[in-house]
Amino acid sequence: MKLNRDVLIHAIIKHQNVFFKLLDYIALNDGANEVPESLYLQLYNNVICKDVDEKVHRYLSIESLSENGIFIHNDPNTGQITLERVIVDLLSFLDVKRARELDHAEFENIRVGIVAACEQIKKYEISSLDYKEAKGAFNRLMSDIHSKIKENVLALTHQVDSIALEYKSYDQGNNAVNVIELYDKVSNLYSRYVMPCYDFINPSMEMAQTQSFSMAVDGLISYYKSELNLFDQATLVQFRKKAITSYYKDIGGLVRKLDQYSNHLSQDRSFYLSIESAFSHLMESIEPLRHGLKRNMYLTRKSEIFNNHNALDGLTRFKSKFKPKLQWHQNKTKLRFKEYLLTVNETLFKEPVKQLKPLTVECNVSDERKIVISLIIDKFDEDRKLPDVHQFLHHELSQSLSDFELSDVLYGLEVFLPFYSGTERAFPVKRKRLEDDVYYLEYVQLKYSGSIEYV
């Protein structure tokens, strides 16, 4: 029975909890989009068949889903069915908690693909059909990478937030959270999923004997600008790259969080193992004392087990040497304290001067705002000379943006510097400062000497 796919999608979303369980099975196994046919039949009989709408029973039967391409039947002898990739992506999109994080192997496949796509474009004449096909393949791949990176960052952020709650519970003394298991969970998430994503979109990442994602795309941008003089095409590719690498700061925040958790948990884990080891040695030292006799059956301070534990040595001597510092006089101290409070209450204090905070490099700028800033800077006349690039960006962006913030200058600088290579440090070196109502930005003055003509 052939059905419109919107009807099937509506029925799947209605019983999304059933399909989420299939997604959980996929995540717990080898990652292929295969599930046992028996698992789906069990869920179908126990859940879907209880729906009062009998049409849903027909729509979501194995025969209907197989005929309409939702399920792909493998060899009947295996008892496995494969979910269409689009359905897996839809379910992951509906519930970010179930989105699968990309690992090192998947990022390597993406990197190889983008390097090949960039090289393919350079092979053909700009007006040829082969060039158009290669350019289309490159654009589709960049859009796919952007989508995957965005979903991956959302999934990783959820994972880190979940670990943060566990860490908070552990830090508050909840004995249900095991420090060893939590440390292993942090280490696994950090090394297997967060760092591969961090390295992939790192704009300054360099690789031996091959190209990183940023190097490959930068090479294509340079090809458009220097060899073909297609500055509009170079700008479009630059925007697409920036949309992807902009998540670098988000991933960097996750890296710093996990680093912090890992360092603290590593120390606590070492303390835990040390205490556990000391306790084991203590229990071993008790074994010889369980001999059933009345003499030499108790631990004493002279026991050999205490030779390596001297943290409390000298405490008795310390206590007798230092006396309490506060001498409380029953009649006078209370009156003196009240007098002190009166003096404090009558003292006039100056209003604190509002202190500006330094602008951090992790200022978040939305994707839409990045595009607006890039378009503003793209209007700049490259033959014009600038004595102070920071001051210029501050003036242009504050005039063009109604909700201007000092962080916009930092992103503006990221856009300006790659495109205008005549930028250099002004001499003599000067440290200058920009301010708004909340933040300040200290910088070394940069100047732009106009476009550089290569002979």
Side-chain angles (χ1 to χ4, degrees), residues 17 20-21 23-31 91-107 149-202 247-286 299 305-306 308-313 315 357-358 360-364:
N17 289 332
F20 282 153
K21 289 182 180 178
L23 206 63
D24 292 339
Y25 177 89
I26 291 171
L28 291 173
N29 290 274
D30 59 2
L91 294 170
S92 300
F93 183 78
L94 290 174
D95 188 357
V96 70
K97 296 191 297 296
R98 288 179 166 86
R100 189 173 59 85
E101 304 88 350
L102 301 177
D103 56 26
H104 175 75
E106 290 167 304
F107 278 115
I149 292 294
K150 181 179 179 181
E151 290 301 312
N152 195 54
V153 169
L154 289 175
L156 291 175
T157 301
H158 174 77
Q159 292 285 345
V160 173
D161 289 343
S162 176
I163 284 179
L165 292 176
E166 287 190 62
Y167 180 82
K168 182 179 179 182
S169 180
Y170 162 76
D171 197 42
Q172 292 175 346
N174 186 350
N175 294 328
V177 182
N178 185 289
V179 64
I180 306 295
E181 293 177 0
L182 186 55
Y183 176 78
D184 291 341
K185 189 181 294 186
V186 169
S187 300
N188 183 65
L189 181 63
Y190 180 86
S191 60
R192 290 182 58 82
Y193 299 109
V194 174
M195 282 308 297
C197 185
Y198 188 68
D199 290 338
F200 178 80
I201 59 178
N202 185 349
Y247 292 100
Y248 177 67
K249 292 180 180 178
D250 298 325
I251 289 291
L254 300 183
V255 168
R256 283 185 290 278
K257 273 188 179 181
L258 291 177
D259 267 336
Q260 182 181 7
Y261 297 152
S262 179
N263 290 336
H264 292 169
L265 290 170
S266 177
Q267 292 179 2
D268 292 351
R269 177 173 173 268
S270 298
F271 295 154
Y272 177 86
L273 293 175
S274 298
I275 293 171
E276 192 176 57
S277 175
F279 181 75
S280 298
H281 292 153
L282 179 63
M283 296 306 294
E284 289 173 5
S285 69
I286 292 175
L299 282 174
I305 186 64
F306 296 120
N308 297 324
H309 302 281
N310 53 9
L312 302 180
D313 288 356
L315 189 60
K357 295 183 287 188
T360 61
V361 294
E362 292 115 13
C363 295
N364 292 321

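In this text, all values refer to a predicted model and were calculated from it rather than measured experimentally.
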Problem - Test item: T157 side-chain N/O and V153 main-chain N/O as donor-acceptor pair under 3.5 Å - result: yes
Handout entry: Shortest non-hydrogen separation from S191 to P196 and the atoms involved
Key = O-CD, 3.5 Å
Practice task
Please name all residues satisfying side-chain contact (heavy atoms from CB on, under 4.5 Å) with N263, sequence neighbours left out, ordered by chain then number.
Solution key: none
Practice task
Find the distance between CG (L254) and CE (M195) and round it off to the nearest 0.5 Å.
Solution key: 11.5 Å
Problem - Worked check of side chain to side chain contact (heavy atoms under 4.5 Å, CB included) between Y190 and V255 - result: CA-CA 7 Å; Y190 180 86; V255 168; 3.9 Å; yes
Handout entry: Rounded distance [0.5 Å steps], CG in L91 versus CG in N17
Key = 10.5 Å
Exercise for the section: Looking only at non-hydrogen atoms, find the nearest pair between R256 and K249 and report the distance. Expected result: NH2-O, 4.2 Å
Problem - V177 side chain reached by K168 side chain, heavy atoms, under 4.5 Å - result: no
Problem - Heavy-atom side-chain proximity of H158 to D161 below 4.5 angstrom - result: no
Problem - S169 backbone acceptor or donor facing Q172 side chain under 3.5 Å - result: no
Problem - Side-chain heavy-atom pair V186, Y167 within 4.5 angstrom cut-off - result: no
Completion exercise
So CG of D268 and OH of Y170: to nearest 0.5 Å the spacing works out to 3.0 Å
Exercise for the section: Check whether any side-chain heavy atom of Y193 sits under 4.5 Å from a side-chain heavy atom of D103, and report yes or no. Expected result: yes
Problem - Any donor-acceptor pair under 3.5 Å from S187 side chain to Y183 backbone - result: yes
Problem - Spacing of I201 atom CD1 and I251 atom CD1 [to the nearest 0.5 Å] - result: 5.5 Å
Handout entry: Any side-chain heavy-atom pair of F200 and I149 under 4.5 Å
Key = yes
Problem - Separation of Q260 CD from L265 CG (nearest 0.5 Å) - result: 10.0 Å
Practice task
Would you kindly say whether Y247 and N152 are connected by a side-chain donor-acceptor distance under 3.5 Å?
Solution key: no
Handout entry: Side-chain heavy atoms of F20 within contact of L94, under 4.5 Å
Key = yes
Exercise for the section: State, yes or no, whether a side-chain contact exists between S285 and L282 at a heavy-atom distance under 4.5 Å. Expected result: yes
Problem - Reference residue L156; test side chain to side chain contact (heavy atoms under 4.5 Å, CB included); the match among L102, L189, D250 - result: L189
